[in-house]
Protein chains: 2
Amino acid sequence: MSKLPPKPAQKTRIQHQNEQLILEAALAVFSAYGYRGTTVDQIAAKAGLSKPNLLYYFRRKEDIYVAVLEHTLTEWLAPLRLLDREKDPIEELSAYISAKLELSWRNPAASRLFANEILHGAPHIEKYLKGALKELVDEKASVITHWVKEGRMRPVAPHHLIFAIWAVTQHYADFAPQVEALLGPHLDHATANQAAIQILVQGLKPAESH
Amino acid sequence: MSKLPPKPAQKTRIQHQNEQLILEAALAVFSAYGYRGTTVDQIAAKAGLSKPNLLYYFRRKEDIYVAVLEHTLTEWLAPLRLLDREKDPIEELSAYISAKLELSWRNPAASRLFANEILHGAPHIEKYLKGALKELVDEKASVITHWVKEGRMRPVAPHHLIFAIWAVTQHYADFAPQVEALLGPHLDHATANQAAIQILVQGLKPAESH
DNA sequence: TCTGGTCTTGACCATTTGATCAAGAATGAA
DNA sequence: TTCATTCTTGATCAAATGGTCAAGACCAGA
């Protein structure tokens with residue numbers, strides 16, 4: 001919650017740099033071991049700082065966690081904002097799936113951090129889920145409903161469609177060890193991308209379109 | 001790994017009963033707080049035993065965890081075995097999705113325990129993933145390929161289809177706080193079930209079938 | 001160079017927690 | 001009832017861990 005760094009609203013060069021180091025290290029460690037499984041020492045070591053020095057920037061372990069979590073949420077949700085009701089639903093949803101998959105490949109740690117938080121009851125982001133997130137999702141759900149009404153896609157429960165897209169795309173990050181164990185060396189981003197789009201979107205094309 | 005309970009292969013009535021209590025309590029606590037977030041005291045309290053007494057049945061905390069995890073895997077995978085290559089693919093896959101969803105509603109703790117384990121690198125079940133699980137999944141993937149070859153369903157990457165089904169169905173257990181926050185009181189099992197089947201399976205119907 | 005604020009750290013503390021153990025209580029077969 | 005085995009627990013320990021603090025090093029503007 002409180003960032004600590006002393007009085008001045010103005011950040012020092014060193015402050016900026018070290019906070020960045022800490023956030024990057026914390027993301028890696030928290031996402032790998034969970035909140036309770038992570039020690040302040042681990043984060044400090046990964047960031048190349050001493051433990052007291054790290055605690056100079058973030059007074060409590062929880063402050064680091066919250067900072068990393070909030071820092072991640074924005075990026076993670078950005079693609080959803082792009083859904084445009086004026087454009088073609090199939091193309092829009094396909095693009096959204098691709099964007100989410102790209103995030104999973106590029107930053108799996110962020111996905112896992114988020115998954116872990118929710119898996120354990122989302123104690124730090126309850127307000128966010130019921131506030132900003134719900135607002136955005138409800139809006140995009142209405143876009144889907146709009147598409148359905150216009151006959152541009154088959155009827156579907158919009159919220160559940162969004163859940164399905166999230167579930168499938170984040171699965172490749174969150175369950176990576178399982179995916180790799182089962183696909184072996186055959187794991188290919190392009191193939192996964194194509195399969196995900198086909199599975200999730202094929203059935204939504206309006207009846208007359210093929 | 002090692003179960004401890006002394007020499008006799010024969011289990012006492014009390015042994016059987018207390019081990020059961022412990023496994024149930026451990027599933028609840030581990031799935032809620034993760035491995036590191038769980039204390040032996042918590043499990044003992046939930047099971048109604050003293051800590052030393054609990055450690056009489058399972059020597060180490062990790063032994064309890066492994067026992068619960070293995071105990072869960074079998075049940076969790078059972079529905080997949082039922083996929084029958086001789087029957088209709090759409091009906092078979094729909095039934096599989098329903099069965100998996102039913103598990104998520106009935107035993108979300110098991111789903112979360114499993115998700116947490118994989119999320120953190122699957123350190124305890126690596127062999128299982130690459131062994132028994134891979135074997136089963138490869139076999140069922142070949143069933144899907146068989147269906148495709150016979151033209152009974154559209155071409156699809158079989159492993160990715162299985163991933164998608166897992167992802168969507170388990171999402172309702174693993175991300176329950178998010179689902180509830182976004183659906184509010186509108187969360188309805190039947191609706192979710194219908195939506196999941198439609199989204200995942202609709203696009204797989206062969207072209208001429210509608 | 002001087003100086004006030006910023007940054008860094010070794011030493012330390014209190015608490016939590018996994019695990020042990022000896023001693024006693026309960027159990028059940030003969 | 002007897003008694004060997006199984007079961008239970010209060011007391012205790014060592015290690016891990018989040019967090020503090022005082023003292024010193026460093027930095028940048030005047």
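First the proteins, then the strands, lettered A, B, ... as listed; each starts at 1.
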Toward the 5' end of DNA chain D, which comes first, B:Arg36 or B:Asn18, by nearest nucleotide? B:Asn18

B:Lys51 (side chain) and C:dG18 (base): donor-acceptor pair under 3.5 Å: yes

Does OP1 or OP2 of C:dG10 have a side-chain N or O of A:Ser50 closer than 4.0 Å? no

A:Thr12 side-chain proximity, nearest of C:dG10, D:dG10, C:dC7: C:dC7

Can you tell me how far C1' of D:dT17 sits from OH of A:Tyr33, to the nearest Å? 16 Å

Could you state the atom-to-atom distance from OH of A:Tyr65 to P of D:dT17 in whole Å? 18 Å

Given C:dC7, C:dC21, C:dG28, the nucleotide with the shortest approach to the side chain of B:Arg13: C:dG28

When rounded to whole Å, the NE2 to C1' distance for the pair A:His16 and C:dT6 reads 17 Å

Just checking, B:Lys51 and B:Tyr56: is the charged tip under 6.0 Å from the six-membered ring centre and within 45° of the axis? no

How long is the line joining CG of B:Leu54 and P of C:dT17, in whole Å? 15 Å

First of B:Tyr35 and A:Asn53 reached from the 5' end of DNA chain C, by closest nucleotide: A:Asn53

Quickly work out the A:Ile22 CD1 to C:dC7 P distance and round it to whole Å. 11 Å

NE2 on B:His120 to CG on A:Asp174, rounded to 0.5 Å: 11.0 Å

Enter the distance from B:Ile197:CD1 to B:Ser98:OG here, rounded to the nearest 0.5 Å. 3.5 Å

Which one, D:dC21, D:dT9, D:dC7, comes nearest to the side chain of B:Ile14? D:dC7

OP1 or OP2 of C:dC7 versus the side-chain N and O atoms of A:Gln15: is any pair under 4.0 Å? yes

May I ask you to list the residues of residues 38-47 of chain B, by number, that have any heavy atom positioned under 4.0 Å from an atom of DNA chain C? B:Thr38, B:Thr39, B:Val40

When rounded to whole Å, the NZ to P distance for the pair B:Lys61 and C:dT17 reads 9 Å

Polar side-chain atom of A:His146 near backbone of A:Ser142 as donor-acceptor pair, under 3.5 Å: no

Taking the minimum atom-to-atom distance to the side chain of B:Arg59, which one of D:dG18, C:dT20, C:dG10 wins? C:dT20

Nearest-angstrom distance from the residue atom CG of A:Asp63 to P of D:dT20: 10 Å

Are A:Glu91 and A:Lys87 ion-paired here, with the side-chain N under 4.0 Å from a carboxylate O? no

Please report the interatomic distance CG(B:Leu101) to CD(B:Gln170), rounded to the nearest 0.5 Å. 10.0 Å

Does CD in A:Gln42 sit with more than 12 non-hydrogen atoms of other residues, nucleotides or ligands closer than 6.0 Å? yes

For A:Lys134, is there an ion pair with A:Asp138 - N to carboxylate O distance below 4.0 angstrom? yes

Which nucleotide, C:dA19, D:dT20, C:dT8, lies nearest any side-chain atom of A:Tyr57? C:dT8

Nearest to the side chain of B:Tyr56 - D:dC21, D:dA11, D:dC7? D:dC7

Write down the distance between CG (B:Leu55) and C1' (C:dA22), rounded to a whole number of angstrom. 16 Å

